[in-house]
There are 2 protein chains.
Amino acid sequence: MMESESQERGQSQSERALSGIRELLFSGVFEPGARLSEPAIAERLQLSRTPVRAALARLEQEGAVDAIPSGGFAVRKFATDDILDAIELRGVLEGTAARLAAERGISPAQSMSFRTLLSEIDALLQVPGEDLDHEAFTACNAVFHELVKESCGSSVIARELDRLTALPFASPNALLMVQRDLPEFHGSLVLAQSQHRAIVEAIELREGSRAEALAREHARLARRNLEVAMNDDRIKARYPALTLVTA
Amino acid sequence: MMESESQERGQSQSERALSGIRELLFSGVFEPGARLSEPAIAERLQLSRTPVRAALARLEQEGAVDAIPSGGFAVRKFATDDILDAIELRGVLEGTAARLAAERGISPAQSMSFRTLLSEIDALLQVPGEDLDHEAFTACNAVFHELVKESCGSSVIARELDRLTALPFASPNALLMVQRDLPEFHGSLVLAQSQHRAIVEAIELREGSRAEALAREHARLARRNLEVAMNDDRIKARYPALTLVTA
DNA sequence: CGAAGCCGTAATGTATACACCTTAAACAAA
DNA sequence: TTTGTTTAAGGTGTATACATTACGGCTTCG
């Protein structure tokens, strides 16, 4: 029915609700812990309560929103420890993907994808730090982690990683803004790339345990980034999602 | 309206829908891959489409049900490889929980819980194989894995483990029926218990890496159980959920 | 001045109505 | 017989109505 003239065409109302609420959440419009009123959101996004409710239920499963025992949902308060654990867990999962990829072997096509991507990132890092195309680096970084995720050929692991990185701060490029805003951290991008290369090498040489350890260590970079971001008011000011992080 | 005289009081309609559909799914009522008609389920469970729909959406996130691109949901077909990967992943997650527990240390109370539980299981295994109280063993086994899950004190990891073990076959005691129905596998329960003991020991000695490796290996027992179950028609006949496993 | 009880407002959970779309079956034509 | 077409039935997505329940402010009493 319906399909009235809404903002973004081609999507269902539920999809609009989902992305709409996500955007509201992570732009810091709501207080952490505040109740999310379905009618209020529905009016704000110009749709009925039904898709809003569906989106909230989904966001609860994703961990972006907490269910209130007495009913309804509230903005989730993220403890710093939770985020650190989530990053650690991403390292574990990516490590498992890398290990399985090494143990099971990857196709020549996958190997080629890795290789060309590594070269691409190398090229990006060739220019002096200040001129770095940060946007492109972030995109390449995302692709790398996608490749790792798919390299093991397990839909189970891919699904779990997708779920985990739906969380705002656990995503592979969630905290790359640190390197953009604080030039003194440009060097860690070079380190990251050397880790990328080592992970690919380990996978190709079927060194499962090494691949796993490297991927875990690689995730620790994000940990450092989080610590930096939490202690830097410039960054906190520029990234409203960080207001959801308490303690 | 609502709160009419339904079967199980004290629960919401959504909860009834969730458990009702789960039960229908894993009792093999539906063909694998079959569409799940919301009106049909609603009538069968004596409630309206709304909670049914909510439950289906949740079951999709849990992985029990697949979303059909054109709309609606279908019974998920489980590939054997998917289940093996899920078991492997449970091992990885429990391994991580055990490692973190070792690294971070556990409280004396937690240590005591582990110790008393281990003794309890020892007592159960004291009797000759045929007389084993299988029900009690299954319960104790579940408690052990709960303790491991909580030993690391990370809600993030606990949440992920809960999600994963919501899947029917990845759960720690999902395939213990093998040991009940095939007496020749009673010995593996003794092995499992020795692994339990070693895991606890490693955690207490702060040997993180060993604890992780042991927990992973422990999960491999379930892998063997699955292989046995898939090749034994007596078991397949007695456990309808296995009909959802294809290939 | 503080605490406890009460009432009104608002929000949730659920049911139901309805338009669009998918699907499958019946039918016609080659 | 097979293929293409039409049509009818059923199913989904969404909106809305309604009863119940939670929450906040106000009053009243200790």
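Numbers restart at 1 for each chain; the letters A, B, ... are given by sequence-line order, proteins then strands. These values consider heavy atoms only, across backbone and side chains, with no hydrogens, waters or symmetry-generated copies.
Contact check, B:Arg53 against D:dG13: a side-chain N or O comes under 4.0 Å of OP1 or OP2.
Of the listed nucleotides (D:dT16, C:dT14, D:dT12), D:dT16 has the atom at the smallest distance from the side chain of A:Ser48. With distances taken from any side-chain atom of A:Pro39 to the nucleotides C:dA11, C:dA15, D:dT14, the minimum falls on C:dA11.
Taking 3.5 Å as the limit, the base of D:dG11 and the side chain of B:Arg49 contain no donor-acceptor pair of atoms between them. On a pure distance criterion of 3.5 Å, no polar donor-acceptor pair joins the side chain of A:Ser37 and the base of C:dA11.
Side-chain atoms of A:Ser171 do not come within 3.5 Å of backbone N or O of A:Pro168 as any donor-acceptor pair.
For the pair A:Arg76/A:Pro32, no side-chain contact is recorded, criterion being any heavy-atom separation below 4.5 Å from C-beta on. Under the 4.5 Å side-chain criterion, counting only non-hydrogen atoms from C-beta, B:Val75 is in contact with B:Leu36. B:Phe30 has its side chain out of reach of B:Thr243: every pair of non-hydrogen atoms, C-beta onward, lies at least 4.5 Å apart.
Scored by the ring-ring contact (aromatic ring centres under 6.0 Å, His included) test, B:Phe144 finds B:Phe114, B:His196 as partners (sequence neighbours excluded).
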Please produce a list of atom pairs where a protein N or O lies less than 3.5 Å from an N or O of nucleotides 23-26 of chain D.
| from | atom 1 | to | atom 2 | distance (Å) |
| --- | --- | --- | --- | --- |
| D:dC23 | OP1 | A:Ser70 | OG | 3.1 |

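Both key distances under 3.5 Å define a Watson-Crick or G-U pair, and stretches of 3 or more such consecutive pairs in DNA chain C run C:1-30 with D:1-30.
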